[in-house]
Amino acid sequence: MYNTVIVTVVRSVLLMSIRWDDLGHEKYEDMVSVLVSRLHPDAQRIDGKGGDGGRDVQIVDRQDGSMLETFELKSFTGRMNPVRGQQVTSSLKRAANLNPEKWTLIVPIDPTPKEDEWFRKLGNNCPFPIRWFGKTWLDEKMAAFPDIRRYFLEGAKDEVYRLLRELKEEQARITNVRDAVGRVRTLHERLNEIDPYYRYELSTGPNAADGRPMDVVFSAIFDKTRVDVYPKYEGAVRDRPITISVNFKIGPDFKEVRAALDYGLDISVPSKMINDITIDAPLGLGGSFLGGELHLFSNDTRLAEPVTIALNVMADDGLVASYPIRLSKQTSGARGAIVSGSDNIGWLQTTLKIDEVAKWFEVKFWLTPSPAIPAALLPLLQWIAAVNPPHILEIHWPNGVIMCKEINTSFCLDTRFVTVVKSLAYLQDQSGIHWEIQTSSMIEEAQDIVNTATLVKGESINFTWKSFNLDLDHWGPELEELGKGGQLSFLIEQDMEFELESVRIPIGLVRTHIESARIADPVAIRRAIASGSIRQVKLVPGESNKAKQMVVPKAQ
């Protein structure tokens, strides 16, 4: 007979009470702003050196730039006396100028009923809700993020070295795979408990140095173990920057290095160009090193919100052409930034290098042709036709800033191509049949496209001809002159259509007037007439090789 024993385990959260009285204002603000950023990854810390405007941390709507929420951090302890209350009131008034959706005070004081009443009355005069997060809230949230507490209060900054040494010792003691996975996982979890700004991923083995994730901000290699560093929230790199100081050997090759540093581009610097490197990285991952290679990777980032600029071509008498470009990527460095993008059909590619120090810019364009609907391509081609000296290029930004530059070179584009695309756009519009056209097809069929558009518009086209075959139902007296070697003019009417890339566009009834034609081989024709087998006659120009075509108007 067995007794069943039911054991209920109740899990509880141990709130680690922090001695808030012992914290200075600067440490309190650093620690709590990191806490807010971890709770709200879109939060941005405000540098209060020039006045914080009634907030230490803010959350801004990425779509329209409106203020969603502001946080005011006060390190007061004890009670909210009149002087402190006046400081809170002043901060709230300044924040009201920003028109936030809500405002939050974070202070290590749990309000008494009287203080709570005072704060509620303060909120009655605001067009937005206000909140008070006190000591209990702070203790609870700090318990949920032990890495923040350990970093700021328990001196965990140098623990990474010890953990990496433990990892090496663990590798020596491992006897089976299960133990290996469990021990490495434990070390990995401990490593990520010691830094509120960054998280760490480990890669081990002889090939660890070869890989590097694209979104990592920093990697360090220790004896076949690579540590990749990632931000725990969006503003982590700003709040705790990773800096590199390099003492270069200046030489003829340094110009390329300088350009990469100035604008955040990829470059590999060999050891012969480096005296020493000093890295300030979190948790002791940096240090000073003599010589060594330096690999700088582009900080190429995709803009959260693409920026549309207008490329205006200006002449002395005003605007000649304008075309929009969407800038979607950016790299930045010590002197400025390089932003890049393309138009909405992907044909026109642009890079804009902006030197913020010298206050100049350089813009480059190039084309990447691809299948496109002619009507969508036409505005670009018309803009390209206008981009030539001595015109001026004006770049208009959404914020009203205008950047000007002389146009020194033109695109290598045959202006006849504009006429072809315009004609094809007209044909597609008139027929209601739209499809993307290959560039090669537009060039190869250029003359036929232009002629067909001319006919559809109701205009006539003049052309010359070399020969054509005339199909016959019978040989009548009206053709006798041809049989005798004479010449005749012809009016031929037939339904026609234009075909391009297996797509057919109807033209209508087309009348062709041939001024003069004769039989190419009269002797053969006479034999065919005599035998009664004539069905087709090959004609060649007589005195004239001119002809004209036009669409016969439909009867009303």
So, taking the atom named CD1 in Ile130 and the one named CZ in Arg120, what distance separates them when rounded to the nearest 0.5 Å? 10.0 Å

Using 30° and 60° as the class limits, which term best fits the ring planes of His40 and Phe71: parallel, tilted or perpendicular? tilted

Side-chain donor/acceptor pairs under 3.5 Å, residues 357-364, sequence neighbours excluded:
unit_1: Lys359; atom_1: NZ; unit_2: Glu356; atom_2: O; d: 3.1
unit_1: Trp360; atom_1: NE1; unit_2: Asp355; atom_2: OD2; d: 3.1

If the plane angle is over 60° it's perpendicular, under 30° parallel, otherwise tilted; pick one for Tyr233 and Tyr197. tilted

Between Arg302 and Lys329, the two heavy atoms sitting closest are NH2-CE, 3.0 Å

Going by heavy atoms in the side chains, are Ile392 and Glu406 under 4.5 Å from each other? yes

Heavy-atom count around Leu290 CG within 6.0 Å, excluding the residue itself: above 12? no

Shortest non-hydrogen separation from Ser340 to Thr351 and the atoms involved: CB-CG2, 4.0 Å

Neighbour count >12 (heavy atoms, 6.0 Å) for atom NZ, Lys93: no

Beyond-backbone contact of Leu153 with Lys27, side-chain heavy atoms, under 4.5 angstrom: yes

Main-chain N/O of Ile407 paired to His391 side chain as donor or acceptor, under 3.5 Å: no

Test side-chain contact (heavy atoms from CB on, under 4.5 Å) applied to Pro41 - qualifying residues, sequence neighbours left out: none

Look at atom CZ of Arg326 and say whether more than 12 heavy atoms of other residues, nucleotides or ligands are closer to it than 6.0 Å. no

Hey, what do you get for CG (Leu261) to CZ (Phe254), rounding to the nearest 0.5 Å? 6.0 Å

Yes or no on side chain to side chain contact (heavy atoms under 4.5 Å, CB included) for Asp147 and Lys232, after CA distance, side-chain angles and deciding distance? CA-CA 11 Å; Asp147 54 339; Lys232 284 186 174 179; 2.4 Å; yes

Can you check whether Tyr198 reaches Ile242 side chain to side chain, under 4.5 Å on heavy atoms? yes

Under 3.5 Å, sequence neighbours excluded: what are the donor-acceptor pairs made by side chains of residues 304-323?
unit_1: Glu305; atom_1: OE2; unit_2: Gln63; atom_2: NE2; d: 3.3
unit_1: Asn312; atom_1: OD1; unit_2: Ser322; atom_2: OG; d: 2.5
unit_1: Asn312; atom_1: ND2; unit_2: His396; atom_2: NE2; d: 3.3
unit_1: Tyr323; atom_1: OH; unit_2: Asp343; atom_2: OD2; d: 2.7

Arg258 versus Phe248: any side-chain heavy-atom pair under 4.5 Å? no

Please walk me through it: do Thr278 and Ser288 pass side chain to side chain donor-acceptor pair (under 3.5 Å)? CA-CA 4 Å; Thr278 300; Ser288 296; 3.3 Å; yes

Does the Arg84 side chain pair with the main chain of Thr77, one donor and one acceptor, at a distance under 3.5 Å? yes

With a 4.5 Å cut-off on side-chain heavy atoms, are Ser410 and Pro389 touching? yes

So, the side chain of Lys405 versus the backbone of Ile395: is there a donor-acceptor pair under 3.5 Å, distance only? no

Close side-chain approach of Asp30 and Arg45, heavy atoms under 4.5 Å: yes

If you take all heavy atoms of Ile148 and Pro196, which pair is closest and at what distance? CG1-CB, 3.4 Å

Is a donor on one side and an acceptor on the other found under 3.5 Å between the side chain of Asp228 and the backbone of Val216? no

Nearest 0.5 Å please: distance from the CD atom of Gln86 over to the CG atom of Asn81. 11.5 Å

Between the CD1 atom in Ile279 and the CG atom in Leu294, the distance rounded to the nearest 0.5 Å is 8.0 Å

Give a yes/no verdict on a cation-pi contact between Arg199 and Tyr230, requiring under 6.0 Å between NZ or CZ and the six-membered ring centre and an angle within 45° of the axis. yes

Taking every heavy atom of Gly336 against every heavy atom of Tyr263, the minimum-distance pair comes out as C-CD2, 3.8 Å

Is it true that a side-chain atom of Trp137 and a backbone atom of Trp132 form a donor plus acceptor pair closer than 3.5 Å? no

Hey, does the side chain of Glu256 reach the backbone of Asp253 with a donor-acceptor pair shorter than 3.5 angstrom? no

What residues form a salt bridge (charged side-chain N to carboxylate O under 4.0 Å, His left out) with Arg131, not counting sequence neighbours? Glu69

CG-OG1 distance between Asp56 and Thr104, expressed to the nearest 0.5 angstrom: 12.0 Å

Please report the shortest heavy-atom distance between Thr70 and Leu98, naming the atom on each side. CG2-CD1, 4.4 Å

For a quick test of reading the model, state the closest non-hydrogen atom pair linking Leu348 to Phe365 and the distance between them. CD1-CB, 3.9 Å

Please list, chain by chain and in numerical order, all residues satisfying salt bridge (charged side-chain N to carboxylate O under 4.0 Å, His left out) with Asp110, sequence neighbours excluded. none

Could you give me the CA-CA distance, side-chain angles and deciding distance for Ile338 and Leu265, then say whether side chain to side chain contact (heavy atoms under 4.5 Å, CB included) is met? CA-CA 9 Å; Ile338 297 177; Leu265 305 176; 3.9 Å; yes

Please enumerate all residues that pass salt bridge (charged side-chain N to carboxylate O under 4.0 Å, His left out) together with Lys353, with sequence neighbours excluded. none

Exam field: side chain Ser75 to backbone Glu29, donor-acceptor pair closer than 3.5 Å: no

Show your working on side chain to side chain contact (heavy atoms under 4.5 Å, CB included) between Ile46 and Gln58 and close with a plain yes or no. CA-CA 7 Å; Ile46 302 301; Gln58 67 182 18; 3.5 Å; yes

Supply the atom-to-atom distance Lys141 NZ to Phe133 CZ, rounded to the nearest 0.5 angstrom. 8.0 Å

May I ask you to decide whether Lys255 forms a salt bridge with Asp262, counting only side-chain N to carboxylate O separations under 4.0 Å? no

For Val237 and Phe218: C-alpha separation, side-chain torsions, deciding distance, then whether side chain to side chain contact (heavy atoms under 4.5 Å, CB included) applies. CA-CA 11 Å; Val237 177; Phe218 182 77; over 6 Å; no

Note, Ile402 side chain near Trp397 side chain (heavy atom, < 4.5 Å): no

Close side-chain approach of Arg240 and Asp195, heavy atoms under 4.5 Å: no

